[in-house]
There are 2 protein chains.
Amino acid sequence: MSQAQPQRGFSQVEFESRTETAQRLMRASELDAMLLTTEPHVRYFSGFLSQFWHSPTRPWFLLIPATGKPIAVIPTIGVAGMQQTWIDDIRSWSSPQPEDDGISLLLTSIRELPLRFGRLGMTLGAESHLRMPAADYRLLEQQLSPLALVDCADLMLRLCSIKSAAEIEKIAYVCGLASDSFNALPGFARPGQSEREIVRAMRIDLLQRGADHTPYIVSASGSEGYSDIIMGPRDRKLHDGDILIIDTGTVFDGYFCDFDRNFACGHASDEARRVYDILYQSTDAGLAAARPGATTTDVWQAMWSVLEAGGATSNDVGRMGHGLGAQLTEWPSLTASDSNRLEPGMVITLEPGMDYAGDKLMVHEENIVITETGAQLLSKRAAAELPVIK
Amino acid sequence: MSQAQPQRGFSQVEFESRTETAQRLMRASELDAMLLTTEPHVRYFSGFLSQFWHSPTRPWFLLIPATGKPIAVIPTIGVAGMQQTWIDDIRSWSSPQPEDDGISLLLTSIRELPLRFGRLGMTLGAESHLRMPAADYRLLEQQLSPLALVDCADLMLRLCSIKSAAEIEKIAYVCGLASDSFNALPGFARPGQSEREIVRAMRIDLLQRGADHTPYIVSASGSEGYSDIIMGPRDRKLHDGDILIIDTGTVFDGYFCDFDRNFACGHASDEARRVYDILYQSTDAGLAAARPGATTTDVWQAMWSVLEAGGATSNDVGRMGHGLGAQLTEWPSLTASDSNRLEPGMVITLEPGMDYAGDKLMVHEENIVITETGAQLLSKRAAAELPVIK
C-alpha cells in the first residue's frame, strides 16, 4: 500500500509554536535572545528551505528575540526566498563582502533588542558549531560586551528533539519510501554488480518513489561480512557469500530517514545468519524498552544485553542509536552513559551493531517515534531472516 | 562523444605535493602547524572521502605539522576508512562523548608537535567556519596558551584555489555530464510538468550518465522570467511563455560542477531572447578577459560593461562568478572590488546576471579553468539562442 504524500511546508501555527516554546525556554535560561547560524536552526524557526546552504561562502543569521517573530539578517541573494516564509523582519547586505560580511548589520540588529538579562544565546557547546567565521564571533563578543554570549546548544538540541505531528508525518513518509526501496532491492540488484552500481540503482529507485533526494547512501560489502559502515559505495563487485549493507539518509521536504538493511549475496553463511538473528532480537529488545520515561541508556542496555549474550565484545560506532529529523543524526545518543529521558515526539534510531569473525561488523537499524505508550516503528521492520540477492 | 571516466582518488604524490606546498606557505606565515576541521580541508590533505560528514554529531580533526605527513585525530568510527588513505598517524577516541569529544586527545597531539614560532593556524577568517563546538575552540586557546591560534583561512582559500591536473580532470568530467544532461533536457521535459518533476527527471538522467550524486539542483520559473535562483524546485507547472532556469552542482568523486541553463517553454518572448543574448555576450566578454594576470575584478568589469550597455541596473546575487571544486562555491569572488589575480589552475564560474522587466532576473553560468594562455571552458557552452521546451 503506498502512502499519501504529506503536504509540504508547515502551517504558520507550527512556527509560532516553535518560537513560543523556544522563548519560554529562553526565559528559563535567562536569555534575551538567541543568534542562530546553521541551516537546521534557521529552517526550524523560519521555514526557509533551500539547497543554497551547500555554498559555504556567505554567513546567514537568525535572531530569536524574547518576544515576537524571528528576525532574519541574511545576504541579499536570500531575500526573495525568505519573503516567502512567515518572517516579516528581513535585513540584508550584499554578500560576499569579506571586510564586513553582515557583522555590522548584525551588531545593529542585536543592539536594537530589549535587554533584561544581558545574555545572548549562541550554540557553543556539544554537538554544535557556528556557521560563521570564528573571527567574527570574536568580534561580536568584543563589540557587544557587556552583553554576554552564552551557550544555548543544549536548549536547541532538546527543543528540536521533540517533533510535531507534521514533522513526524514527513519522517514517516520518507521512512516508508526507503523501506519500500530496500524491499525492492533484491529485484534490481544482482551478484556481479558493484556496490556503486547497486547504490546508483537505489538512488534512482528512491527518486522514482517520490523522495526529494538522497544526501546519504553508503554501502559496504565483503566475504562473510564487512568491516566499516561509512566509506562506500566502492567499485567492489558482489560475489557469492558476500554480505552487503546499505545505509541511507533520504529526504522528503527537509526531513531525513536514517536506517540500513543487510543482504546476503547468493547464500548466507551460518555465522552471518546467527549474527543477523542476534541483531534482530537486540532491536526487538530496544523496541520494547523505548518508552516515555525510559532513558537512552535503558534502551542501550536492553540492546547491549542481547548482543553481549550473543558474544559481542565491542564495536567502533560509539553508540547504538540517535535522534534524527531535520538532520541525518541529532541529539540524543543511545550510549552506556547518555542517560537522557525519552519523551513522546522524539524520533530516534535503534542501531545495534556487533563484531564477529575477527574483523567483521554487522549493524541493524530502525527508525521509531516515542509515543505516549511506547515506541512506534517509522521504518518497516527489517526481514526476520537475512534477505538474499540472487 | 562521451568522455572517459577519470580514475577515482589521487596518487600519493598528489597528497605529498599538497602537503609540501602547504608547509612552505606555513613557514612563510610563521605557522608551526595547522589544525583543520572541515570536510573539504580534511579531504584535501588526507584523501578521506566519505558521506558521513552529513552527521553533524562528531568533530574530526586533521593536523598539518611543519614537516611530514598529516596527523588524523578522529572518532573511532572513522579509523577503518582513514586507514585506507596515505595517512599513517591516526589517533581516535570513542565518540560521541559530550564531556570531552576528542579535545584532550587533540591537546596531547598538538603538544607533541615541535614549536618554532609559537603559532598554530586555524581557519578563523572570511569564508571559513570551525566545524567544532566554539566552546572547545575556546578551551583549546586557553589550554594551549602561550601557543597562539592564528588565522590561516586565507592561506587555505588560496592553496585550494589552484587545482591540479587530476582535480581539473574530475571537474571537467562532471561538467561534461551536466552539459549533456542539460542538452538532453528538452527531450525529457514537457510543458505541463512541474519544476519538481523536471528536476527529478534530471537527477535521474545525471545518475544514469555516471554522476555520483547531485547535492545541488535548484530551479525557478515564471511567466516571461523568474525572480530568484536559490529556492526551487517548486510544484509550479510550466506554461507556454515561461522561462525556466535549472542550476546544478553535481559531483563526481568529490568534485563539483556548478552551472545553470535557461529554457523557454513553448515560445520565448522578444524581451527574454534579448536578455539571453546580452548575457551570452557578457559571458563571451568574461571568457575573453579571464587569463593569468587579469584580476577577478577585470573579468567582472568585462561582463558588467556588456550588461550595463544592455540596460542592467543591478542584481541581488552579490557577484558574477566564483571558484569551485571540492565545494559548490569557493574563493575567489568575481566582484567590483575583489581584485584577486587569476592564476593557471584556477577553476571558476562566469555567472553574469541581470534584472529586467521590473522584478525579473536572468542568470547565465559557465565553468572554466584558467590556463597559461587564457581560459578553457569545462562546461559545454550554452546554446547561443534560448532553447525551447515543447
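Per chain, numbering begins at 1; letters A, B, ... match sequence-line order.
- The CZ atom of A:F52 sits 11.0 Å away from atom CE of B:M231, with the distance rounded to the nearest 0.5 Å.
- For B:E39, the salt bridge (charged side-chain N to carboxylate O under 4.0 Å, His left out) criterion is met by B:R43, not counting sequence neighbours.
- Of the listed residues (A:S92, A:S50, A:A126), the one with the most heavy-atom contacts under 4.5 Å to chain B is A:S50.
- The contact between B:Q84 and chain A is made entirely by side chain atoms (from C-beta outward), counting heavy-atom distances below 4.5 Å.
- Judged by distance alone, the side chain of A:S55 and the main-chain N or O of B:T329 form no donor-acceptor pair under 3.5 Å.
- The contact between B:E141 and chain A is made entirely by side chain atoms (from C-beta outward), counting heavy-atom distances below 4.5 Å.
- Of the two parts of B:S95, only the backbone, made up of N, CA, C and O, holds a non-hydrogen atom closer than 4.5 Å to a non-hydrogen atom of chain A.
- Considering only heavy atoms from C-beta on, A:S333 stays 4.5 Å or farther from B:Q97 through its side chain.
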Q: Take A:D235 and B:R8 through the side-chain contact (heavy atoms from CB on, under 4.5 Å) test and state the conclusion after the steps.
A: CA-CA 10 Å; A:D235 287 320; B:R8 290 185 183 267; 3.9 Å; yes
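- In this structure, A:T37 and B:H129 have side chains that are not in contact, with every pair of non-hydrogen atoms separated by 4.5 Å or more.
- In terms of heavy-atom pairs under 4.5 Å with chain A, the best-connected choice from B:P40, B:P98, B:P56 is B:P56.
- Ranked by non-hydrogen atom pairs under 4.5 Å with chain B, the options A:I230, A:V79, A:L49, A:L328 are led by A:I230.
- Note: A:T57 leads A:D228, A:I204, A:T57 in heavy-atom pairs under 4.5 Å with chain B.
- Top candidate by heavy-atom pairs under 4.5 Å with chain B, chosen from A:A80, A:G78, A:P96, is A:P96.
- When B:Q208, B:Q327, B:R138 are compared by the number of non-hydrogen pairs under 4.5 Å with chain A, B:R138 comes out ahead.
- Interface check for chain A: of the options B:R196, B:M132, B:M122, the most heavy-atom pairs under 4.5 Å are formed by B:R196.
- Heavy atoms of B:S227 lying under 4.5 Å from chain A belong exclusively to its backbone.
- More than 12 heavy atoms of other shown residues, nucleotides or ligands fall within 6.0 angstrom of atom CD in A:Q5.
- Residues from residues 210-221 of chain B that place a non-hydrogen atom less than 4.5 Å from a non-hydrogen atom of chain A comprise B:G210, B:A211, B:D212, B:H213, B:P215, B:Y216, B:I217, B:V218, given in numerical order.
- For B:R200 (side chain) and A:L207 (main-chain N/O), a donor-acceptor pair under 3.5 Å exists by modelled atom type.
- Among A:R203, A:R131, A:E330, the residue making the largest number of heavy-atom pairs under 4.5 Å with chain B is A:R203.
- Between A:G232 and B:Q51, the shortest heavy-atom contact is O-NE2, 3.5 Å.
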